[in-house]
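Here the structure comes first, spelled out in structure tokens, and everything after it is commentary.
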Amino acid sequence: MKGRALIAGGSLGGLFAANLLRELGWEVDVFEKVGDDLASRGAGIGTHAELVAVLAKLGIAMDERLGVAAGERICIDRAGRELYRMHWGHTMSAWANVYRPLKDRFPADRYHFGKSLSRFSSDAESVVAHFDDGSSARGELLVGADGLRSAVRAQLFPGLEPAYGGYVAWRAIVEEDALAPALRDGLGNAYWFVIPPGEMMLCYQVPAKDPGRAAPARDWNVVWYRPVGAARLADFCTDASGRGHGTAIPPPLIRADVVAQLKEDAHALLAPQMAELVERSRPFFQAIFDVESPRLAVGRVALLGDAAFVARPHVGMGVTKAALDALCLSNSLGQSADLFSGLERYGALRGEFGRRCVARARRLGAYIEARSRPELAWTPAQLDQSPQRVLRETAASLSEIPEFAP
Ligand SMILES: Cc1cc2nc3c(=O)[nH]c(=O)nc-3n(C[C@H](O)[C@H](O)[C@H](O)COP(=O)(O)OP(=O)(O)OC[C@H]3O[C@@H](n4cnc5c(N)ncnc54)[C@H](O)[C@@H]3O)c2cc1C
């Protein structure tokens with residue numbers, strides 16, 4: 001069966017779905033809230049063989065523009081001494097490097113910027129997406145790929161709110177060219193960890209985003225998970241004029257004193273080479289949330305990617321999960337006699353996977369959450385932040401993860 005699919009959200013999840021449904025013969029329109037190209041956003045992402053396979057299905061190769069191989073995972077202490085090392089042949093990529101080919105592959109005149117879905121309505125024959133600007137679009141299927149704060153999810157499940165995990169991820173990209181040669185050589189192509197009490201800092205190489213730089217240019221992607229209680233998060237999200245931005249402040253508005261404190265803490269808590277990376281960065285932070293949708297398909301509406309489930313980033317899987325959701329949606333629609341049985345199949349298969357992802361990621365982040373919520377009961381296993389455990393569990397490929405076994 002075929003028809004017109006309306007996709008709310010034109011990030012990676014929306015673009016995977018848009019391209020795959022188009023391959024299936026659907027007429028597809030993407031409606032993205034943001035007014036212009038998204039390529040300037042995002043940072044590093046981990047990849048999995050399953051993500052590479054979905055990209056390949058769309059004719060996109062994981063070549064050196066898209067991916068950089070990390071050789072080993074190494075954990076060092078505050079003084080820079082090695083604590084643990086494991087071999088890990090894995091490809092790291094960057095958000096924009098996956099976005100760009102997916103976006104370029106989709107017809108520009110069917111990708112509508114500046115269209116924010118406010119609500120939808122449906123009847124037996126169709127679904128209508130209504131946008132903030134008063135316009136609307138009618139189709140046979142609506143896909144909510146509108147991320148953490150999904151308007152589609154909010155309408156399907158009123159009152160279901162993302163749950164704050166009690167910590168934030170500071171993130172930054174540092175151009176390799178900006179690093180002193182000794183630091184660059186010392187970092188090599190390893191995936192580095194420092195694990196201060198109740199925290200996790202990591203960094204790895206990603207392909208450079210700027211196409212103007214000589215290939216194969218590299219950047220360093222920095223992520224530092226730090227416990228931040230709810231009151232302090234509200235302060236972090238207050239700009240210099242005193243205006244609060246809820247739980248997500250736009251990066252340019254993060255106050256200078258909040259960044260200065262981070263850099264001071266880097267010198268106190270991290271190995272010198274990691275502190276130098278933080279010092280040279282223009283960091284921003286994202287609060288870490290969990291979301292579990294009770295169902296992924298209701299009537300003519302399906303949720304996918306972060307609109308469906310948000311797992312904390314320790315499973316390194318947000319983009320892979322979004323790609324696999326989109327693949328399962330298109331396979332389910334392709335194989336089923338009608339839309340509703342296709343959506344039911346999709347919901348059953350991806351719902352279970354999403355719930356397992358959220359649970360695993362919550363477990364991997366428990367020792368960080370515990371720091372800002374000491375009043376909760378935590379087991380010794382949850383508080384285990386030994387380098388062996390952290391490096392091994394966050395490195396596992398999908399096929400090795402016990403929680404995902406059929
Ligand atoms: C610190 C951190 C590290 C991460 N590391 C990794 C990693 O290593 N590997 C990995 O795979 N993933 C990682 N992720 C997760 C990854 O970024 C997301 O899971 C992934 O991008 C999911 O894509 P999505 O399209 O579902 O949602 P999003 O990328 O959030 O996109 C949603 C889109 O919908 C648009 N939108 C929102 N509301 C509306 C509306 N009402 N109407 C129309 N459009 C709307 C938004 O503007 C946005 O473009 C990380 C996340 C964080 C926070």
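Both counts, for ligands and for their atoms, begin at 1 and track the order of listing.
For Phe106 and His112, the distance between ring centers is not under 6.0 angstrom. Aromatic ring centres of Tyr204 and Trp192: separated by at least 6.0 Å.
Within the 4.0 Å heavy-atom criterion, neither part of Arg149 lies near ligand 1. Counting heavy atoms under 4.0 Å from ligand 1, residue Lys321 does not touch it at all. Proximity of Ala145 to ligand 1, defined as any heavy-atom pair under 4.0 Å, is confined to the backbone N, CA, C and O atoms. Contacts between Ala169 and ligand 1 below 4.0 angstrom, taking non-hydrogen atoms only, involve the side chain exclusively. Residue contacts with ligand 1, taken as heavy atom pairs separated by less than 4.0 Å, involve Gln286 solely via side-chain atoms from C-beta onward.
Residues Val168 and Ile288 are not in side-chain contact: their nearest non-hydrogen atoms beyond the backbone lie 4.5 Å or more apart. Val259 places a side-chain heavy atom less than 4.5 Å from the side chain of Ile254.
At least one protein heavy atom sits closer than 4.0 Å to atom 8 (O) of ligand 1.
Arg171 forms no cation-pi arrangement with Tyr225, by the criterion of a distance under 6.0 Å to the ring centre and an angle within 45° of the ring axis.
Judged by the shortest distance from any of its heavy atoms, Phe131 lies outside the 4.0 Å radius around the atoms of ligand 1. Ligand 1 is never approached by Met92 to a heavy-atom distance shorter than 4.0 Å.
The residue from Ala322, Gly318, Gly13 that puts a heavy atom closest to atom 13 (C) of ligand 1 is Gly318.
With hydrogens and angles left out, the side-chain atoms of Asp338 and Ser341 include a donor and acceptor closer than 3.5 Å.
For atom 31 (O) of ligand 1, the nearest protein heavy atom (residue, atom name, distance) is Ser11 CB, 3.0 Å.
In this structure, Glu27 does not pair ionically with Lys2, as no charged nitrogen and carboxylate oxygen lie closer than 4.0 Å.
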